Structure formats: C-alpha cells, structure tokens
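Numbering starts at 1 and runs along the sequence shown. A quick note: this is a predicted structure, and the numbers were derived from the prediction, not measured.
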Amino acid sequence: MGFNKNKGISAVVVLIAFGVFNAIAFLIPLAHTLTFWLGYGFAALAAAVLIACFIFLFGSDSNEQSFLRVPLVKLAWGYFIIQMLVSVLEILGIIPIYLIALIINCFISGFYIIAMLASQAAGELIEEQDNKVAEKIYFLKNMQNLLSKVKSTDTEIVAKIKALSEDFKFSDPMTHSKLNDIENEIESKILALKSETDNKKIIEGIEEISDLLIERNEQCKLYKNVKEEKKTEDTKGVKYVATVLGVFALTAVVAITVLYYVVPKGIYNDGIALYGAQKYEEAIVVFEGLNGFGDSKKMIENCN
C-alpha cells in the first residue's frame, strides 16, 4: 500500500498530538492514579492503532470505503480524537472512577475495531466482485475488438458484424466459472472469422456466434443465484482473528505495563516524596502497599 506523503503527514500530526498530550500529562502536577494511567494507556493505544492503520490498512481508496456511510479515514480520526479527549478528562481527574473510565475506554476502542473489521470485510467482498465483473467486461470489449478486425467489402457482412458488436456491447457482464466453456467457444469462432475469406462461411460464422452469445446471456440469468465452487479454502477469517488478537495482545501489554510497573512506580515516587518530607508513618503505609516493588522493603526499614 505504500507510505505516501499524505500518510506521512497524518502520522506526524498523530505524533504531535500525542506529544502535546504527554506534556499535559507530565508537565502539569497531577495525581498519578490508576485512572490517570488507564487514560494514558488508552491514548497511547489509540495513537499506535491509528498509525498502524495508516501503514497497513488504508490504501488509496480508503476514502471510498465506509462504515454506515462514514469514510474509514474519518472514522479513524474520530476514534483518535474522541479517545484523546476522554483520556485528557481521565488524567485530569474529571472522570475519577476507575471502573467507569475502563468501560468508556473499552466501548470506544471496541466500537472502532468492530467498525474497521466490518468495513474491511465488506470492502474485500466488493473488490472481489468488481474484479470479476471487470474481467467479464474485458472479455466483451475484447470480442468487440476482434470483430472490428474482421474485414470485408460485403455490405451485408459489415452490417451483421456491426450488429453483433452492438450485441456484445449490451451483453450481461455477469461472471461465473460455468460460462467459461461457451465464452471460449465464442472467442475461438471470432478468431476463425479473421482468416475466413468465403463470404457465405463468414455470414454463417457470424450467425453461429450470435446464437452462442444469446445462449451465453440466457445462461447468465440462470447462474445469477448459483454460488461459485471455491477452488481454494477461504482463509481470510484468519487475518481478522489475528488482527483482533494483535489488538488484544497490545492492550494486554499496555495494561500489564501500567499495572505492574507504571502504577507501582508512581506510588513508589509518592512514598519517596513522603520520606523526603520526613513523613515516615505515611511513607511506611505507601511502601507496604507496594508488596516488595523495587526497594520498598528497604525503604520501610529506613523509615523505621
């Protein structure tokens, strides 16, 4: 898909926005509570997911793909902006309750992931059908092109070739593997006309091709609701499962890092501040709550 100029600019904007968010989070004296780190973690996740989407998912036709008629690119930016705003509220303590913050963050991220997967699946299905239709349109146009190369000075033949070419032009572009045999037969008969010099045989050939084209168009109607036999096993679902698992794994890594290092580290720093202020009893309570994190046990001894 490439990483073009627009994607590069978008990625830079995301990084700048996340940089401003970090400035708010760490330059303003805020209490580093569990809700603070939850908001920070989901903001980092939103930035990482958006940049990953720019790199791996969004192609040149992303503006044409949509979910509930909302273009995917706008949906992605909407997710990022909403998540950043919610995270700012969380780190500022405006949403102080951890459980409520967790539910809000999970809802926002979950909705975006579902929307992205649904739109990608629909987009791939539409693209597959468009490719098949394009292949049949090419067949019909190619037949017209081959007919144009059948030269004759006979006015009747010229008129029949023109009429047959018009029939190809307005034929059903529907695609199905069961049409391959009759379409190959049509093509071979048109190729045979190019080397034919007998006007009578040319007219007979044109009539045979016309009959075959009529039969082919009738078969199109019959096969419209007949499913194609799958030549290979469809494994596209693996990609979507892998995507979801990847997001969950990334979320789990962020959560584990926050819960088992970032949060205890913040609490530990609070204990150090209390120790430095000679508030030893309060510092002991803080260090005991860390369950041996870092040198908290040693600091308890120092406080005593």
Exercise. Within the distance-only criterion (no hydrogens, no angle test), does the side chain of Asn145 pair as donor or acceptor with the backbone N or O of Lys141 below 3.5 angstrom?
Worked result: no

For this session: Give the minimum heavy-atom separation between Ala17 and Met84, together with the two atoms involved.
Result: O-CE, 3.9 Å

Problem set entry | Minimal non-hydrogen separation, Val158 against Ser152, with atom names | CG2-O, 3.4 Å

Exercise. Do Ile94 and Leu38 share a hydrophobic cluster, counting only Ile, Leu, Val, Met, Phe, Trp and Tyr and linking them when any side-chain heavy atoms are less than 4.5 Å apart?
Worked result: yes

Exercise. Taking Asn180 for the side chain and Ser177 for the main chain, is one N or O donor matched with an acceptor at less than 3.5 Å?
Worked result: yes

Exercise. For the ring pair Tyr40 and Phe26, is the centre-to-centre distance below 6.0 Å?
Worked result: yes

Exercise. Can you find a pair of side-chain heavy atoms, one from Ile97 and one from Thr35, that are under 4.5 Å apart?
Worked result: no

Problem set entry | Verdict with reasoning, Ile186 to Phe168, per side-chain contact (heavy atoms from CB on, under 4.5 Å) | CA-CA 11 Å; Ile186 290 172; Phe168 273 108; 3.6 Å; yes

Exercise. Same hydrophobic cluster for Ile82 and Ile100, using side-chain heavy-atom links shorter than 4.5 Å among ILVMFWY?
Worked result: yes

Exercise. About how many Å separate CG of Leu146 and CG of Leu193, when rounded to the nearest 0.5 Å?
Worked result: 10.0 Å

For this session: Kindly work out whether a path of hydrophobic side-chain contacts (I/L/V/M/F/W/Y, heavy atoms less than 4.5 Å apart) joins Ile214 to Ile182.
Result: no

For this session: Please check if any side-chain donor atom of Asn199 sits under 3.5 Å from a side-chain acceptor atom of Glu156, or the reverse.
Result: no

Exercise. Does a donor on one side chain and an acceptor on the other come within less than 3.5 Å for Ser87 and Gln83?
Worked result: yes

Seminar exercise, completed: Rounded to the nearest 0.5 Å, the CZ atom of Phe111 sits from the SG atom of Cys106 at a distance of 15.5 Å

Seminar exercise, completed: Here the ring-ring contact (aromatic ring centres under 6.0 Å, His included) pairs for residues 138-157, sequence neighbours left out, are none

Exercise. Quick one: do Leu212 and Phe170 end up in the same hydrophobic cluster if we chain Ile, Leu, Val, Met, Phe, Trp and Tyr together by side-chain heavy atoms under 4.5 Å apart?
Worked result: no

For this session: Work out which heavy atom in Pro264 is nearest to a heavy atom in Leu290; give both atom names and the distance.
Result: O-CD2, 3.6 Å

Problem set entry | Ser188 side chain vs Glu185 backbone, donor-acceptor pair below 3.5 Å | yes

Exercise. Counting distance only, does the side-chain N/O of Ser171 pair as donor-acceptor with the main-chain N or O of Asp167 below 3.5 Å?
Worked result: yes

Exercise. Heavy-atom distance under 4.5 Å between the side chains of Leu140 and Lys169, does that happen here?
Worked result: no

For this session: Kindly indicate whether the side chain of Ile206, heavy atoms from C-beta on, has any atom under 4.5 Å from the side chain of Val150.
Result: no

Problem set entry | Any donor-acceptor N/O pair, Lys279 side chain to Gly276 backbone, under 3.5 Å | no

For this session: Working to the nearest 0.5 Å, report the span between CD1 of Ile272 and NZ of Lys265.
Result: 8.0 Å

For this session: Output, in order, the C-alpha distance, side-chain angles, deciding distance and verdict of side-chain contact (heavy atoms from CB on, under 4.5 Å) for Arg216 and Asp172.
Result: CA-CA 9 Å; Arg216 181 255 180 203; Asp172 195 331; 4.2 Å; yes

For this session: Show the numbers, then the answer: is there a side-chain contact (heavy atoms from CB on, under 4.5 Å) between Lys194 and Lys151?
Result: CA-CA 7 Å; Lys194 291 173 61 179; Lys151 304 299 181 181; over 6 Å; no

Exercise. Does the side chain of Asp295 reach to within under 4.5 Å of the side chain of Met299, using non-hydrogen atoms?
Worked result: yes

Exercise. Glu215 versus Glu218: any side-chain heavy-atom pair under 4.5 Å?
Worked result: no

Exercise. Where do Leu222 and Lys178 land on the side-chain contact (heavy atoms from CB on, under 4.5 Å) test, with the steps shown first?
Worked result: CA-CA 10 Å; Leu222 295 174; Lys178 292 186 179 296; over 6 Å; no

For this session: Scan for ring-ring contact (aromatic ring centres under 6.0 Å, His included) pairs involving residues 283-304, sequence neighbours excluded, and state none if there are none.
Result: Tyr268-Phe287

Exercise. Looking at Ala47 and Phe80, what are the two nearest heavy atoms and their distance?
Worked result: CA-CE1, 3.7 Å

For this session: Check Leu30 against Ile91 and note the closest heavy-atom contact, atom names and distance.
Result: CD1-O, 3.6 Å

For this session: Identify which one of Phe42, Tyr79, Trp77 satisfies the ring pair (Phe, Tyr, Trp, His ring centres under 6.0 Å) criterion when paired with Tyr112.
Result: Tyr79

Exercise. Say you draw a straight line from SG of Cys220 to CG of Leu179; how long is it, rounded to the nearest 0.5 Å?
Worked result: 4.5 Å

For this session: Quick one: pull up CE in Met143 and CG in Leu213 and give me the separation to the nearest 0.5 Å.
Result: 10.5 Å

Exercise. Side chains of Asn302 and Tyr280: do they bring a donor and an acceptor to under 3.5 Å?
Worked result: no

Exercise. So do Val285 and Glu282 actually touch side chain to side chain, heavy atoms under 4.5 Å?
Worked result: no

Exercise. Cluster question for you: counting only ILVMFWY and a side-chain heavy-atom cut-off of under 4.5 Å, with indirect links fine, are Trp37 and Leu27 together?
Worked result: no

For this session: Hey, could you give me the CD1/CD1 distance between Ile161 and Ile209, rounded to the nearest 0.5 Å?
Result: 9.0 Å

Problem set entry | Leu92 vs Val88 side-chain heavy atoms within contact, under 4.5 Å | yes

Exercise. Is there a side-chain contact between Gln144 and Leu147, using heavy atoms and a 4.5 Å cut-off?
Worked result: no

